[in-house]
Amino acid sequence: MQIKQRHDWNLTTSEAKIIQEELQKEVLTEDKFTEPVKYVAGVDMGFEANGTISRAAVAVLSFPDLQLQEQSIAKRATTFPYIPGFLSFREIPAVLDALEKINTIPDIILCDGQGIAHPRRLGIACHLGVIIDKPTIGVAKSLLIGKHQEVPQIKGSWQPLIHKSETIGAVLRTRSNVKPVYVSSGHRISLPTAIDYVLRCTPKYRLPETTRIADKLASAR
DNA sequence: GCGACAG
DNA sequence: ATCTTGTCGC
């Protein structure tokens, strides 16, 4: 797929912060995509040589049957350190490289990390979504910001994630008696719809099949 | 100032 | 993220 260069990636954290505030204005938290959804994609990152090399893997699955349709892997030198709140500046460059190699355009992309559940409401899922102007969902394995009530142990139950008296996402139980995941809107999708798709992409394990398959690709280097 | 802190 | 084996529980 073709990707437009939206901004420079060689930045200081203060410059990155300004870009986040600019891009945040473009984030859409409403459903703005066409159905039926035929393809969903997952992205996963890996690092080599003490983190100096970034490795991104993209897995495109058919929906709703979740069968691997296409895959791609991209490597490049890591240029940005891991700083909470600025994860996207470290991972997106390699992800874009991997996405450019794909021919099957996914209808929705599930990202490994937060969407709107971010200090400035621009987690990696939002950042990627705005850059490629595609629907994205943030599915994180741990909390960045926000508070929530205990989530019932039954699969499918969830609790709103609150930050500054604002609902920024959902703490969702994708598997009974297993640690929940943090779901939030990335771009062009609402929270209810995001929760629905995450559950439909999680038939058996805690994480969506999309990210699980992308993870295997990234590991089987 | 202190504690928290996606991957 | 990454370094790493076996082990407890459904």
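We use all heavy atoms of the structure for the numbers below, so side chains are in, but hydrogens, waters and symmetry mates are not. Below, chain A is the first sequence line, B the second, and so on; all start at residue 1. Predicted, not measured: the structure shown is a model, and the values here were computed from it.
- Classified by interplanar angle (parallel below 30°, tilted 30° to 60°, perpendicular above 60°), the ring pair A/Phe33/A/Tyr197 is perpendicular.
- What separates CD of A/Glu91 from P of C/dA1 is a distance of 9 Å, to the nearest Å.
- In this structure, A/Phe80 places its CZ atom 14 Å from C1' of B/dA6, rounding to the nearest Å.
- Backbone-only contact: A/Leu143 has heavy atoms under 4.0 Å from sugar-phosphate atoms and none from a base.
- By the 30° and 60° cut-offs, the orientation of the rings of A/Phe89 relative to A/His127 is perpendicular.
- Considering only side-chain N and O atoms, A/Lys141 lies nowhere under 4.0 angstrom from the phosphate OP1 or OP2 of B/dA6.
- Protein atom CZ of A/Arg90 is 15 Å distant from nucleotide atom C1' of B/dC5, rounded to whole Å.
- Checking side-chain atoms of A/Glu91 against main-chain N and O of A/Asp112 turns up no donor-acceptor pair under 3.5 Å.
- A sub-4.0 Å separation between OP1 or OP2 of B/dG7 and a side-chain N or O of A/Ser142 is present.
- With rounding to whole Å, A/Lys164 atom NZ is found 19 Å from B/dA4 atom P.
- Here A/Tyr82 counts as stacked on B/dG7: its ring centre is under 5.5 angstrom from the base ring centre and the planes meet at under 30°.
- With rounding to whole Å, A/Asp44 atom CG is found 7 Å from C/dA1 atom P.
- One atom, NZ of A/Lys179, and another, P of C/dG9, lie 21 Å apart when rounded to the nearest Å.
- Nucleic acid contact class of A/Gly46 (heavy atoms, under 4.0 Å, all strands): sugar-phosphate only.
- One atom, NE2 of A/His148, and another, P of B/dA6, lie 13 Å apart when rounded to the nearest Å.
- Side-chain N or O atoms of A/Asp8 include one that pairs as donor or acceptor with a backbone N or O of A/Asn10 at under 3.5 Å.
- Distance OH (A/Tyr182) to P (B/dG7): 10 Å, rounded to an integer number of Å.
- For the pair A/Lys101 (side chain) and A/Ile73 (backbone), a donor-acceptor distance under 3.5 Å is present.
- When distances are taken from the side chain of A/Phe47 to each of B/dG7, B/dA6, C/dA1, the shortest belongs to C/dA1.
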